[in-house]
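We name chains A, B, ... by the order of the sequence lines, and we start the count at 1 in each one. Quick caveat, the model's predicted, so the values are computed rather than measured.
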Number of protein chains: 2
Amino acid sequence: MRLRRLLEVVGIDDDKTRVATIFDVARLAGVSHQTVSRVLNDLPNVRPATRQRVEKAITALNYRPSPAARALVTRRSRTIGLITTGGPDYGPSSAVLHFNEAARSSRYAVSMASMLSSDPDSLRSAVELLLRQNVEAIVLIAAHRGALDTVQGIELGVPLIAVDSSGRAGFHSVAIDQYRGARAAVAHLAGLGHTRILHLAGPADSTDALERVRGWRDELAERGLEAAQPMVGDWSPASGFAFGTALAERGGALDFTAVFAGNDQMALGLVHALTAHGFAVPADVSVIGFDDIPESAYFAPPLTTMRQDFDSLGRDILFTLLAVLADEESSGVPPMVPELVIRSSTAPPPVPSPTSGPDVGAADVGRRARR
Amino acid sequence: MRLRRLLEVVGIDDDKTRVATIFDVARLAGVSHQTVSRVLNDLPNVRPATRQRVEKAITALNYRPSPAARALVTRRSRTIGLITTGGPDYGPSSAVLHFNEAARSSRYAVSMASMLSSDPDSLRSAVELLLRQNVEAIVLIAAHRGALDTVQGIELGVPLIAVDSSGRAGFHSVAIDQYRGARAAVAHLAGLGHTRILHLAGPADSTDALERVRGWRDELAERGLEAAQPMVGDWSPASGFAFGTALAERGGALDFTAVFAGNDQMALGLVHALTAHGFAVPADVSVIGFDDIPESAYFAPPLTTMRQDFDSLGRDILFTLLAVLADEESSGVPPMVPELVIRSSTAPPPVPSPTSGPDVGAADVGRRARR
DNA sequence: ACGATCTGTACCAGATGCGAC
DNA sequence: AGTCGCATCTGGTACAGATCG
C-alpha cells in the first residue's frame, strides 16, 4: 500500500488492475477531488470549462464512482430490496421481471430475497439482510397475506411498497383490482344465463384469493343468486383436479352449471377432472379462470379467463416507489382492472331445466372417459 | 455532526435513529474498536473473557456491521450478481428462486438484473451495474445463447458461473444434461415402436434447444432411423400450435407417428392443433414434451415429458459458486440428467402399416373437431 | 526475550461544511 | 457572488507498535 502510494507520486503505478478513484480524476483534470465530486453530483458553482475538463478526465480514465464509498457516507445505496414469497408462478415472476427492468433503467439496483414459504423468522432475517445493505425501500410481492403482516411489524426505517389488493393501510400499495375482476368474471357467467355459479377459491392466506371470493359473492348477491360455500384450493392444478373429481363424483346430476376458478391452473385441473368423468366443458359446465397465463389459450378447451397485466404491475411498482422516494404526495397509481378474455370454456348453460335433478345430460359429444 | 459528537462525549445521544457502530460497541465493552473487529471476524488472540464482553455489547446494542464500510475496505461485497434473460418461464424462475434461497442461507446477498431480451448493449450495462456494486461473482441464467457470448466478451474481473449445457469453456458451468434428456425422450418413443419421429425444436439461439436437437438426431441415427428437418419454434404454445396446424394441414395422411417437442408449452400447442384437426393423441400421434411444468400432468391428455430438476439446479449454482470463490479446484457438480415421466400422450404407433401413405387411420376413438 | 493480547493509526473512496481567493 | 480547496466525516479492516506476564 505504502509502496504503491509512493510509486504513484513518482508517476508510476504498478497495479494495473486498480480502478480509477476520484483523486486520479482530480489530478488529471488539475483540480481538487471535491470539485470532481461537484461535477459528479451536478452541483452548482463549477465553471463550465472546469466541468468540461473534469468530464474529459472521467471518460479518459473510465472512472466510475464506488457505490460502497458513496453508500457509506450518504447512507443511501441506490438499491432497493425486493422480497417475494411463493413459488415460480407466472404472475409474480412476470411482475418481478418487469419491475427489475424498470428499476435498472432508473439506475436502481435491486437486491432480491425470495422465499418459497413465508415463515416469519426467515422473512425477518431476509428483511434484516436487505436493511443492512442500506436499501432505500423495500418492495414486497407476496403470495401470502401473512408476509405483509410480519414485514409491517418490523421497524423498517425505509418505505415499504407492497402489492396488495385489500386496501389495507400502513404502507404504499400498488395493485390490480381483484375484486372488480372477480365481479366481471361472475358477471360474464351470469350474463350467459348461469344461475348456479360455484367458486373454486385460492388459499385463505392469500389476499387476492379473498378479494376474489368477495367479488364473486357480491356479484352473485347483487343478482339475487345464491352463493354456495366456496371450495378452497391452493392454486395448483392438482387441487383443481381434486375438487373437480369431488364435484363429479358427488352422485346424481350436477347441481351447478358454472365454476369461477381462482386461477387458470386450478381451472385446468378442474376441467381435466370434469371431462375425465364425462362432463363436457362448456356444454355441461362453463369454467372461467383468472390470470390468463400463456398456456391457457391452448387448453382443451381454450380457457375463458380474466387477464391481469403483470407487466404493467411491475412497472407501476417502480413508479410509485420513485414517487415515494421523491417524497411526492401523489396518491399512487390507481389499481388496474383485469380484462375479460372470452375463449371457449364458457357458454350458456346446457338446458333451461327447472326440474330438479335431471339425470346425466344427453349431450355426448366430446365426452369420453380418460384412462 | 459536531454537535452530536459533543453530546455523545457527554453521554447524551440525541439522534435516536442512529445505528450502533463498532465504536459504540467498543466503548460499551471497554475495549478498542479494533478488538471488536477481531471478534467480529473470528480472529485469534482475543481472550475468551474479552470476547464474551464484546459479544454481550454487540447484542445489547443490536449492532450489525455496515456492509458498505466493509465493502469499501475489503473490496468484497458478499453479494453476487445474477443476470437472467428471457421471460417468466417456469424453469428459470424456479432455478432463480432456489438459487436465491440458497445464497441467502449462505449469507450472500444477490443483486438481480433480469431482462426480457438479450441485446448486447443492455446486457453490457447490466453487467456494469453489477460490477460497480463489487459483486464477487456473476451468475448467468440465460435463455439466449448470445447472452453468454457477450457476457464472456466483457472483462469481468470476477468469476462467471453460467447455466450452460453445451460444455463450452471459459467459465464455470452448471447444467442439466439436455443431450441425454433428449436421447432418453427419443428412446422412449422409439421403444414404443415409433420410427418416424419429428422434432419441434426450440429457437436456434438457445443452447438447450440445440443440445436437444443433437440428442434427438444422435438417438435416431444410432437406431438407424431417419431424421427429418426439425421445425423450430420459440418455446411458446403459439408456435407449437402453428406447427401442429401446418402438419395437420399438409394434406393426405400424416407421415410421422410421434413428435418430440422441445418443451411442454410447445407440446401443448401442438397437441391442441392436432386434436383440433381430428387427430388423436396418442392414438394417432404420440407427443412427448420437455421440462415437466406443473400444468402438464393435467393437459388433455396428460403429457409425457422429461422432468428437469430446476430446484437442484438452483442450489447447484450456488454450490459451484461457493467452490469457485473458495478457490477450490473442484471439477464442479456433474450435470443432472432429466427424468422420463410417462403419462398419457405417448403410446405405440397406430398401426404397423409398412405400406406407404395409409389414408386416415381407423382409430376414431377420441377424435373430434373442436370449435 | 517473547508470545499473547490489545491499542493506535493509516486507509478505503467518496460527500460535505466552511473558508479562501 | 461565484469558484474552488482544505479538513473532516462515514464505518469498517490492516498493519505496526505497545503492554504485560
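Between T50(B) and dC6(C) there is a side-chain polar atom (N or O) within less than 4.0 angstrom of OP1 or OP2. The side chain of T35(B) places no N or O atom within less than 4.0 Å of a non-bridging phosphate oxygen (OP1 or OP2) of dC6(C). Not one side-chain nitrogen or oxygen of T21(A) sits closer than 4.0 Å to the OP1 or OP2 atom of dA13(C).
Sorted by first and then second residue, the pairs that involve residues 27-54 of chain A and meet ring-ring contact (aromatic ring centres under 6.0 Å, His included), not counting sequence neighbours, are F23(A)-H33(A). Pairs of residues two or more places apart, or lying in two chains, that qualify as salt bridge (Lys or Arg N to Asp or Glu O under 4.0 Å) and include a residue from residues 144-158 of chain B are D149(B)-R168(B).
We find that CZ of F23(A) is positioned 9 Å from P of dC12(C), with the value rounded to whole Å. Rounding to whole angstrom units, CZ of residue R75(B) and C1' of dC11(C) are separated by 10 Å. For the pair N45(B) CG and dA4(C) P, the interatomic distance rounds to 6 Å; values are reported in whole Å. At whole-Å resolution of the value, CZ in R70(A) and P in dG14(C) are 8 Å apart. Computed from coordinates, the Q133(A) CD to dT10(D) P distance equals 22 Å when rounded to whole Å. As rounded to whole Å, 13 Å separates atom P of dC4(D) from atom CG of L43(A). Remark: P of dA15(C) and CG of D42(A) are 12 Å apart, rounded to the nearest angstrom. Whole-Å rounding puts the H33(A) NE2 to dC12(C) C1' distance at 13 Å.
The local environment of OH in Y108(B) is crowded, with over 12 non-hydrogen atoms from other residues, nucleotides or ligands closer than 6.0 Å.
Judged as a side-chain hydrogen bond (donor to acceptor under 3.5 Å, both in side chains), and not counting sequence neighbours, the contacts of S114(A) are N100(B). Take S312(B) and apply the side-chain hydrogen bond (donor to acceptor under 3.5 Å, both in side chains) test, not counting sequence neighbours, and it matches D309(B). With sequence neighbours excluded, no residue forms a salt bridge (Lys or Arg N to Asp or Glu O under 4.0 Å) with R47(A). Every residue two or more places apart in sequence or in another chain that forms a side-chain hydrogen bond (donor to acceptor under 3.5 Å, both in side chains) with D119(B) is listed here: S117(B), S122(B). Partners of T320(B) according to the side-chain hydrogen bond (donor to acceptor under 3.5 Å, both in side chains) rule, which considers only residues two or more places apart in sequence or in another chain, do not exist here. The side-chain contact (heavy atoms from CB on, under 4.5 Å) check on P65(B) picks up Y63(B), R70(B), with sequence neighbours excluded.
T74(B) comes within 4.0 angstrom of the backbone, heavy atoms only, and of no base. Contacts of V36(A) with the nucleic acid, taken as non-hydrogen atoms under 4.0 Å apart, are absent.
With the nearest nucleotide of DNA chain C identified for both R51(B) and A69(A), R51(B) has the one nearer the 5' end. Projected onto DNA chain C by closest heavy-atom contact, V73(B) and V31(B) fall at different nucleotides, the more 5' of which corresponds to V31(B).
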Sub-3.5 Å pairs of nitrogen or oxygen atoms, protein against nucleotides 15-21 of chain D:
unit_1, atom_1, unit_2, atom_2, d
dC15(D), N4, Q34(B), NE2, 2.8

Residues 134-142 of chain A side chain polar contacts: donor-acceptor under 3.5 Å, at least two apart:
unit_1, atom_1, unit_2, atom_2, d
E136(A), OE1, R76(A), NH1, 3.3
E136(A), OE2, S77(A), N, 3.3
E136(A), OE2, R78(A), N, 2.5

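Scanning residues 57-67 of chain A for heavy-atom distances under 4.0 Å to DNA chain C yields Y63(A), R64(A), P65(A), S66(A).
The CE atom of M112(B) sits 11.0 Å away from the CD atom of E101(A) when rounded to the nearest 0.5 Å.
Taking the C1' atoms of five terminal pairs at each end of the helix from dC2(C)-dG21(D) to dC21(C)-dG2(D), the two resulting helix axes are inclined by 60°, rounded to 10°.
Side-chain polar atoms of S32(B) and Q34(B) form no donor-acceptor pair below 3.5 angstrom.
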